[in-house]
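Counting convention: from 1, in listed order, for ligands and their atoms alike. Because the structure is predicted, anything quoted here is derived from the model rather than measured.
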Amino acid sequence: MRKQIAAANWKMNLSLEKAATLMTDLLASPIELSPNQEAVFGVPFPYLTSINQQIAGKKQFSLAAQNCSNKSSGAYTGEVSVEMLKSIHVPYVIIGHSERREYFNESNAVLAEKVNICFEAGLKPIFCCGEALQIREAGTQNSYVENQLKESLFHLTAGQLKGFVIAYEPIWAIGTGKTATSEQAQEMHAHIRNVLSAKYGSEVANSISILYGGSVKAANAKEIFGQPDVDGGLVGGASLIAAEFSAIINSLK
Ligand code: 13P
């Protein structure tokens, strides 16, 4: 059974104090996770260590960095390496979020390097893909997303992709309050799984968790997560509110 994941992406929000309060409130919320479910927190770099201390002992709570460098070490001012993340016990890294692609010019080729460097360090990427509004309107979203997967992931081995995590985040639904319908999400998730299956076989494709991201909230999580190829969500705005995110975690199937 593949893993079901509710992942928070706090993006560039919250002070240290507010981050600690949010986590305290979440830990005090009634959250039920079955053995194949996980809550993952993509927190800003400066808070990774302290949030890790707060979730210590909570077996199904994990941490994610929101990015990492494609270089291993050296004179890259301002960058954070996978070895640094590993040394502070961060298991996941969000790779290729559309905001990184758009504002920091991260190409499919650079993202392939980031995925590789994560694997070398034993970190688990949460690989993001998804199309902009004009691509959706032109009806070419399937081939667009397929190309993102091909150019950043298809050099990997079947063994590496087993249990891999992908987040499909249509850009037109991020922070807009405009959610993809559960049918649109299911359609793309099934497409992604088919593309993976054609290349790696159904066993590998069925082991990959595909999360949906884009205006997920407590009110729509259950319906979206209820789709057969949706294995949870990557949540921005609603993950900053303890009551919202705890309800989203409890919406995992
Ligand atoms: P919102 O949930 O705020 O739409 O953001 C989605 C997202 O970008 C998560 O990575």
Atoms of ligand 1 less than 4.0 Å from Leu234 heavy atoms? 9 (C), 10 (O)
Which ligand 1 atoms does Gly214 reach within 4.0 Å, using its non-hydrogen atoms? 4 (O), 6 (C)
Side chain, backbone, both or neither: which applies to Ala173 and ligand 1 if a contact is any heavy-atom pair less than 4.0 Å apart? backbone
Taking atom types as modelled, find out whether Glu169 and His97 have a side-chain donor-acceptor pair closer than 3.5 angstrom. yes
Atoms of ligand 1 less than 4.0 Å from Gly237 heavy atoms? 1 (P), 2 (O), 3 (O)
Any heavy atom of Asn9 under 4.0 Å from ligand 1? The part involved is side chain
Within the supplied structure, the quantity of interest is the number of heavy atoms (other residues, nucleotides, ligands) at a distance under 6.0 Å from Lys11 NZ; does it exceed 12? yes
Once you round to the nearest 0.5 Å, how far does CD of Glu32 lie from CG of Asn250? 6.5 Å
If you measure every N/O of Gly236 against every N/O of ligand 1, is any gap under 3.5 Å? yes
Quick check: does His97 get an N/O under 3.5 Å from an N/O on ligand 1? yes
Same cluster for Phe245 and Leu211 if Ile/Leu/Val/Met/Phe/Trp/Tyr side chains link at under 4.5 Å? no
Ligand 1 and Gly175, any nitrogen or oxygen pair closer than 3.5 angstrom? yes
Atom 7 (C) of ligand 1: nearest protein contact (heavy atom, Å): Glu169 OE2, 3.2 Å
Specify the protein heavy atom at minimum distance from atom 5 (O) of ligand 1: its residue, its atom name, and the distance to 0.1 Å. Lys11 NZ, 3.3 Å
Quick check: do His191 and Tyr168 have side-chain heavy atoms less than 4.5 Å from each other? no
Parallel, tilted or perpendicular: rings of Phe127 and Phe164 (30°, 60°): tilted
Taking only non-hydrogen atoms of Ser215 and a 4.0 Å limit, the atoms of ligand 1 in range are 1 (P), 2 (O), 4 (O)
Leu26 CG to Ser246 OG distance, which is reported to the nearest 0.5 Å: 6.0 Å
Do other residues, nucleotides or ligands put more than 12 heavy atoms under 6.0 Å from the NZ atom of Lys253? yes
